[in-house]
Structures are given as C-alpha cells and as structure tokens.
Amino acid sequence: MRDENKSQAQLSEELQLIRQRVAKLERDKAELKQLTKQLLLENDESVREYFDMYFHAHDMVISIDMETKKVLKCNMAVMKALGYSRAEIVGHPAFNLYHQDRVEDAKKQFRLIAETGEIHDAEQTLRKRDGGIVNVSLNATTVRDENENRTLARFIWRDITRRAVEIGDLRSENRQLMQRLSSNRPEHPEVFSDIITQNPVMYAIFRQVESIAVTGDTVLITGETGVGKEKIAEAIHRLSGRSGAFVPVNTAATDDHLLSDLLFGHKKGAFTGADSDRSGLIERASGGTLFLDEIGELAMESQLKLLRLLEEGQYYRLGDDTPSKCEARTVVATNRTIESLMTDESFRDDLYFRLRTHHVHLPPLHERKEDIPLLTSHFLERAAEELGKKTPVPPPELFTLLETYHFPGNIRELDAMVRDAVSKHKGGVLSTASFRQEIDEQTSVLHGGALPGAGEVGFAEALASARSLPSLKKVEPLVIAEALKRADGNQTIAARLLGVSRKALSSRLSRARITTP
C-alpha cells in the first residue's frame, strides 16, 4: 500500500514499530557497554573466562603483548570481520591488521595506551584480507603484572560502519513518518524543497509564508547569519504567482550613491563615467520580487530613499527628473536587531514600521537540533558529488557532537564543516576529527573556551535568585550530569564540553558516583 493511501492509524502503528526497533538498538548498545566494562575491570583470571564465554560476540576482541606488539588472542569476530584465519593473526604483529595509511596513527594510539593505560572511542581503520577496510571504534585497557608493569593490552573493536548505517536507516524511516503525521506541514511542500527541515517551528513558518505570499505586501525576514533568509524570500516569490524575476541585492557595505545607482539606475551624463543610460535592479525586478538583504546596514540617506520608494511606489533614476513607477514587490532581511538600532538612532522608526507589514523570524540552528542529522546527510551527499567522491558514512557520535555545538554561523557553517571533512576523507566511515578541531577553534575564539547552550542562562538566574549558594561539591555532579545529558552519554564529548580530559572526567564520575546513560 502506498504511503499516501495509509490511514493515520496505520502510519502511527508503523511509527510505533520503528520506535520499538530503535529502543532495541539502544538496549543492545547498553548491554554492549556493560559487557565492555565488565571485560575491562574484572581480574585477569575472570577476564579469560569472560573472554571464552563471549567468544562469539559480535564485537572484535584481541589481546596484544605490550613488549612485542604481537597478537596473543583474538575472538571469532575478528576473523569473521577481517577474513583472516587464527594462524594469520595470533603470533603476528598487531599492526599488520591496520590499513597501511593508518598504521602510524595506530602506533601513536598504542603509545598513548602504554602511557595512560587506556583509550576510549578512538577511531581506527583495519585492513581486510581481500583488500577492503573496516572502520572501528576502539576501547582499550592494559593489564599489569605483580610488579605493576603493563604487560598486556586488550582491544575491543566495534564495527561503526554497520551500526551507523542501521541507525541511519531507522532515523530516515522515523523522519519520513513524522513528517507525514505532522498536521503543520505546508500545503505546497514543493516550494520549500530546498529548505531541509523536520522542525515544527519551521513548518509553522512555511504555513505563515504561504498565507502572506499572495498579499503583495512588504515582508521583513529576520534571523542570524546563515539561517536561510534568502531561501524564505525565494519561497515567498514563488508562492506569490508573480511573473517577474526574483532579484536579490546585498545592501551591506554599499554607500548611498552606489546603492542608489544599483537600485534606481541612471541617465547618461548623471555623473562622471555615466556614458549611457542604465536601468536599475528595481526595473529588472518589475513584476517580480526585489529582495534587499542586510537592510540593517543601510545608511540613513538610503533608508530615506527606501521609505519614499515603499510609500510612493515610484523612484527617480539618477540624473532624471521624471519619476518611474515601481512594479516590484519588496522583501527585506537583516541579521541585526532593528529595535536596538532604533534605540541607537541608527535606523528610522518610520521605515521599520513600514517594512514589517509582515514579519518572519527564522530560528537559529541550535534551536533546530533535530535538523542537524538531516542537514549533515544532505551536505555529505552534495559535497561528495561535487568533489567526485563516494558519500562517506557518518558515525552516530558525529550527530551527538554537532548537537552540542552552538553554530554561530548556523546552516552555512555546518555546510562548510561537512565540505571540509569530505575533502579530507579517504574512504569508509567519516572521521569526526576535523569537526572536533573546527568546533574547538570556534569555541575558543567566540566564547573563551565555553560552549553556550540552552539552559545556561537559566542556571545562572537560578543561582542569582537562590538565598544561599550551593557548595562546589554539590554543584559539580549537577554540571557533569548536564554535560553527559547534552553529549548523549558520550564521555569524550562531555569532557570536551567541561574543558577537562577524558581521564579526568572518568575520575570525577567515580568520585561523584554518577552513572552514565
């Protein structure tokens, strides 16, 4: 049965089944965490018994001699995933199992294990016998002898390719059903096909745009840089049914004379260099839509001319005494808070009230976190196609990492991040390294090392209104728990949010007796 022929009840039933499958995946994930923890923390004799008991586990387990770097033991999952026999693995250097381009990285990670005794959530690329690759997430720890010397390293490799694809498929199914069940979807979804979202606020905006597009009135679009204001303006134009062109103009950093010439045009001889008549963009947009972006940057002289254009519906070309009629609809946008500009007397009150006949405000990306996986997947496909590469598989932890970031550059910044990562990508599962580096750099520059997020202001207000301040000992577990919540239980990401090392966070978790999700 085709989706459009299914009843609401049938769609709801399918959605429930998908949620059950997602819940099972999460239970499997929790069980795997418990298995790993027990395997790494039990004493050596129990570990051997546990190793034998889970000999046929899906995750790959190997033991490596710290001195010779040779494999001492491996489970069936290693042989099955890589295609080698036991004789080809046990007794041979562990680095033979790595892809040749990742051997040096693996050696650095092994040295870190030797120094610290453990490593968590490290990404590695293994080499299959047939020449293929397997991308894995590594959790490792060491075993000490009676003299406290680290003699054995135990690796647990998790095939993140398989899990990423499985979770990605479920998310896609879930997303499609949620979109069909939403009563707030636009009547003309094809007009908004370039705007990728599953956010209910954005759906409400689409419906608002549909209702105001046909009026022909001026529209003010506000929102941070990179949220897609021009795309909304284009949607207004397409829905308006106007036969003319959509003409965008960026008014930022343009002085009054240049902007007047650009918009109104000029007659021959109007100024030095005006060797012939030239029509302006208003005339080019006749019968269509004139989109003026960054109007918060307009000089006062330009603001007055724009006000007259909107009120009188006519304008004068430079050097011409005969008025021309404006046949274009005007849509404007800004990332500035115009109310604050009016307070500073750098924006005309009368122009503001003339502009905001209809006001559309677009939310920033950090308020649309459910859109991040969808946008990331779209940008991955587009970047891979443009760069002539196979679309890489995003690991599940990538979405968790991105959802903790504030994205001051919004969708445009995410697009740039993905393009940079794909340009560095060499096959298999996408690495999160370039994303982490970019986020750390931007966080350091913009926020002095602290990532802003929802709830920070509320926490500060709660402290300010409290009769007495809680002790640091009481506050620390609350902050750690909040970081783990935002990181979806990923301790590496939570540690980065808190500005401490992964090892330091583990120590604090043990001391505060906080259990991870």
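All values below were derived from every heavy atom in this structure, side-chain atoms included, with hydrogens, water molecules and symmetry-related copies excluded.
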Identify each donor-acceptor pair in which a side-chain atom of residues 218-228 lies under 3.5 Å from a protein atom, sequence neighbours left out, and give them as a table.
{"residue": "T222", "atom": "OG1", "partner": "H359", "partner atom": "NE2", "Å": "2.7"}
{"residue": "T222", "atom": "OG1", "partner": "H361", "partner atom": "ND1", "Å": "2.8"}
{"residue": "E224", "atom": "OE1", "partner": "N410", "partner atom": "ND2", "Å": "3.1"}
{"residue": "T225", "atom": "OG1", "partner": "N335", "partner atom": "ND2", "Å": "2.6"}

Sort out for me which residue in I205, L365, L374, D371 forms a side-chain contact (heavy atoms from CB on, under 4.5 Å) with N199.
-> D371
Pairs where residues 271-295 contributes a residue and the test salt bridge (charged side-chain N to carboxylate O under 4.0 Å, His left out) is met, not counting sequence neighbours | D261-R278
Donor-acceptor side-chain pairing of H237 and T289 below 3.5 angstrom = yes
Nearest heavy-atom pair of [X] and [Y]: which atoms, and what distance?
X: F347; Y: I295; value: CE1-O, 3.3 Å
X: Q303; Y: R348; value: OE1-N, 2.8 Å
X: R329; Y: S240; value: NH1-CB, 3.9 Å
X: A384; Y: P392; value: CB-CD, 4.3 Å

Would you call the rings of F264 and Y315 parallel, tilted or perpendicular if under 30° counts as parallel and over 60° as perpendicular?
-> parallel
Anything under 30° is parallel, anything over 60° is perpendicular, the rest tilted; go ahead and classify W157 against Y98.
-> perpendicular
Tell me, yes or no, whether the heavy-atom count around E190 atom CD, taken from other residues, nucleotides or ligands under 6.0 Å, exceeds 12.
-> yes
So do the side chains of I232 and K229 get within less than 4.5 Å of each other, counting heavy atoms only?
-> no
Would you indicate whether the side-chain heavy atoms of M417 and Y405 approach each other to under 4.5 Å?
-> yes
Residues E234 and K231 bridged, charged N to O under 4.0 Å | no
For E381, side chain to side chain donor-acceptor pair (under 3.5 Å) partners two or more places apart | none
